[in-house]
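These numbers come from the heavy atoms of this one structure, side chains and all, not from hydrogens, waters or symmetry mates. Keep in mind that what you see is a predicted model, and the values were worked out from it rather than measured. Counting starts at 1 for both ligands and their atoms, following the listed order.
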Amino acid sequence: MGFLQTDSATAAKNYSVRCISCGEVQAALAVDFRCMNCGDLLEVEFANWSAGSAPDPVKLKSLWRERRTSNQSLDASGVWRFRDVLPELDDWSCAITLREGNTPVYELPRCARSAGVDRLKAKHQGMNPTGSFKDTGMTVAISFARQNKFRWVACASTGNTSASMAAYAARGGMRSLVVIPDGKIAWGKLSQSLDYGALTCQLRTDFDGCVRVLDEIIRRYPIYLLNSVNPYRLEGQKTAAIELLEQLDWQVPDHIIIPGGNLGNNSALGKAFLEMKRLGVVQSLSKISVIQAEGANPLYRTVHEKFGKELVTVEAETLATAIRIGNPASWKKSLRVIEATEGCVEQVTEAEIAVAKAEIGADGVGCEPASAVTLAGLKKLVKSGFVRHSDSVVLVLTGHVLKDPEYTIKFHRGDLSVPRMEDDAFRAMTAQQRKAPIVLDANADAVLRALEAEDTRDG
Ligand code: F0G
């Protein structure tokens, strides 16, 4: 089947690649990163950790801290700094890095009040070099593409993976093919792909349709697939959880709340927690919960209608275009993490997402719509009692506020039409959060009148 990659996971390396279903260790990797035996997804496994050569947790923690003071490029990356628990490259000079990771953890005091928890933090993955969490996984997977001497890399995307891939390919002197749904991409993301010089194809279909087309392309052309079925992507993304734990001085939060689209990210962060516990870096696990938009809720339905036994696919529709996905690849990995950490799956409406996004903005942080499902979901989880008021909670904000300025401007102007709700009702519901720009004559009196009116309005 197609072209096989040369980087067979051999015993000489610090890791192997195995199937999540049948457990078969792969002698070589197929172009689609599916198991050669049963066709399911693959994962990286550090078998030698069980064989008595596990890294020492105390040494790891001090090494990781020490590297933060180093200017060497691999140490300065918030991903490669953790290379002791990543699959190793044969040649470290293959690593393509933009100093990804190293993202901040912010307190969200207003959002905490609105959600009904005492304290709330956000790990802002939108503060990565291309403005989303994708960079952490991209640096690892594309470095393996380069090691394998690929000239072309490709992904199907809702916009952020493609922006990230295009940037890293350009940095590494490689060519990139972006396959995205026509018309359902936020402007910031599309503009990035163009700026970084990718061959950008907007297909007349949705994300799931793009995945199907790309699946055929990789069988007909020597091109390296960088979607999150590529297990190296998840290895890089996993470091965000390790970095978070380090930033919290290894105090494990009660809850981590993550948006769910293709379901790679929560699988990656969960893998990190499970591995850190296995190594003794931490002693307990956070409950990892996934939030989906109501109009793009395959995992929610899979859990509630099929008890997680088989995937319910949906025709996805949401203004949070990053997570407009109906047939998520990593649903099994995701469920495994949710089950192992005793988390849950929740869904939120478009109106709830819009309000939550404005609230995160009002805390001086901001994020793109898909990231805001976390706060909207948290509110529901507090109401249902799954999250207690005194619990420590971290929201994973996945994308930068500037990714989708059109959504934000429409919202504040009162022009956003959300599916399944009357415009007037939505405008009334969001009156408190909206701050429309005011067009005035160019004189101080007019501006001062606006200022005074605002001062009274805010009490
Ligand atoms: N948040 C943002 C901002 C995203 O871009 C994505 C996924 C997700 C959340 C969901 O993460 O897929 O790992 O469950 N974006 C992909 C893309 C699909 O192509 O950029 P997931």
Side-chain angles (χ1 to χ4, degrees), residues 41 103 122-128 130-138 141 154-167 178-181 184-186 188-190 192-193 198 200 206-208 210-211 214 225-230 233-234 236-238 240-241 257-271 288-293 296-300 316 318-335 337-338 345 348 353 357 360 366-375 377 395-404 407:
L41 291 192
T103 57
K123 171 78 170 155
H124 206 326
Q125 290 295 90
M127 299 299 180
N128 268 291
T130 77
S132 84
F133 70 97
K134 305 290 182 178
D135 295 341
T136 54
M138 198 53 67
C155 70
S157 179
T158 54
N160 278 326
T161 304
S162 46
S164 179
M165 178 188 75
V178 160
V179 185
I180 45 178
K184 298 289 180 182
I185 293 285
K189 305 174 189 181
L190 178 60
Q192 284 179 292
S193 165
T200 305
D206 56 10
F207 169 81
D208 302 300
C210 289
V211 169
L214 187 58
L225 180 65
L226 282 172
N227 276 95
S228 56
V229 291
N230 180 324
R233 279 266 317 272
L234 300 202
Q237 281 174 215
K238 161 183 115 169
I257 316 246
I258 308 172
N262 214 16
L263 302 174
N265 200 31
N266 65 88
S267 305
L269 300 178
K271 187 171 192 279
I288 295 186
S289 296
V290 174
I291 316 296
Q292 296 200 298
N297 60 353
L299 189 71
Y300 181 85
T318 168
L319 297 180
T321 51
I323 50 174
R324 191 169 173 270
I325 295 174
N327 185 11
S330 295
W331 67 278
K332 281 188 196 163
K333 286 187 179 180
S334 176
L335 282 180
V337 157
I338 293 165
V345 187
V348 291
I353 297 171
K357 179 173 138 46
I360 293 167
C367 63
E368 67 164 282
S371 307
V373 301
T374 53
L375 177 61
L395 308 180
V396 178
L397 301 182
T398 44
H400 197 279
V401 67
L402 293 177
K403 285 281 190 175
D404 194 351
Y407 181 104

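Short contacts between ligand 1 and I323, defined as distances under 4.0 Å to a heavy atom of the residue, involve ligand atoms 8 (C), 9 (C), 10 (C). For ligand 1, the atoms sitting less than 4.0 Å from at least one non-hydrogen atom of K134 are 5 (O), 6 (C), 7 (C), 15 (N), 16 (C), 17 (C), 18 (C), 20 (O), numbered in the order shown with element in parentheses. The G260 neighbourhood of ligand 1 comprises atoms 14 (O), with distances under 4.0 Å to a heavy atom of that residue. Each of the atoms 12 (O), 13 (O), 14 (O), 21 (P) of ligand 1 lies under 4.0 Å from some heavy atom of L263. Those atoms of ligand 1 that come under 4.0 Å of a heavy atom in N160, given as number and element, are 2 (C), 3 (C), 4 (C), 5 (O), 20 (O). Every atom of ligand 1 with a heavy atom of G264 under 4.0 Å away is listed here by number and element: 13 (O), 14 (O), 21 (P). Residue-ligand proximity, N262 to ligand 1, at heavy-atom distances under 4.0 Å covers atoms 12 (O), 14 (O), 21 (P). Annotation for ligand 1: atoms under 4.0 Å from non-hydrogen atoms of I325 are 18 (C).
The shortest distance between side-chain heavy atoms of N265 and T398 falls below 4.5 Å. By the 4.5 Å heavy-atom criterion applied to side chains, T161 and L226 are not counted as neighbours. Counting only heavy atoms from C-beta outward, the side chains of R324 and F207 never approach each other to under 4.5 Å. Side-chain contact between R233 and K134 is present, with at least one heavy-atom pair separated by less than 4.5 Å. Under the 4.5 Å side-chain criterion, counting only non-hydrogen atoms from C-beta, T103 is in contact with N128.
The closest donor-acceptor contact from the side chain of D135 to the backbone of S164 lies at 3.5 Å or more, if one exists at all. For Q125 (side chain) and A240 (main-chain N/O), no donor-acceptor pair under 3.5 Å exists by modelled atom type.
Here's the thing with S157: one of its N/O atoms is less than 3.5 angstrom from an N/O atom of ligand 1. Polar contact check, G261 against ligand 1: a nitrogen or oxygen pair lies under 3.5 Å apart. Below 3.5 Å of separation, one finds an N or O of T161 facing an N or O of ligand 1. For the pair Q237 and ligand 1, the shortest N or O to N or O distance does not fall below 3.5 Å. Considering backbone and side-chain N/O atoms, A156 never comes within less than 3.5 Å of an N/O atom of ligand 1. At least one N or O atom of T398, backbone or side chain, sits closer than 3.5 Å to an N or O atom of ligand 1.
Q237 and K271 share no donor-acceptor pair across their side chains, judged by distance under 3.5 Å alone. A donor atom on one side chain and an acceptor atom on the other are not found under 3.5 Å apart for T158 and K184.
With respect to atom 6 (C) of ligand 1, the closest heavy atom belonging to the protein is F133 CE2, 3.7 Å. Counting protein heavy atoms only, atom 13 (O) of ligand 1 is closest to N265 N, 2.8 Å.
Only the side chain of E368 comes within 4.0 Å of ligand 1, counting heavy atoms alone; its backbone N, CA, C and O stay farther away. Contacts of K189 with ligand 1, taken as heavy-atom pairs under 4.0 Å, are absent altogether.
Taking NZ of K123 as the start and OG1 of T374 as the end, the distance is 14.5 Å to the nearest 0.5 Å.
For the side chain to side chain contact (heavy atoms under 4.5 Å, CB included) test with S334, the passing option among N266, I258, N262 is N266; the others fail.
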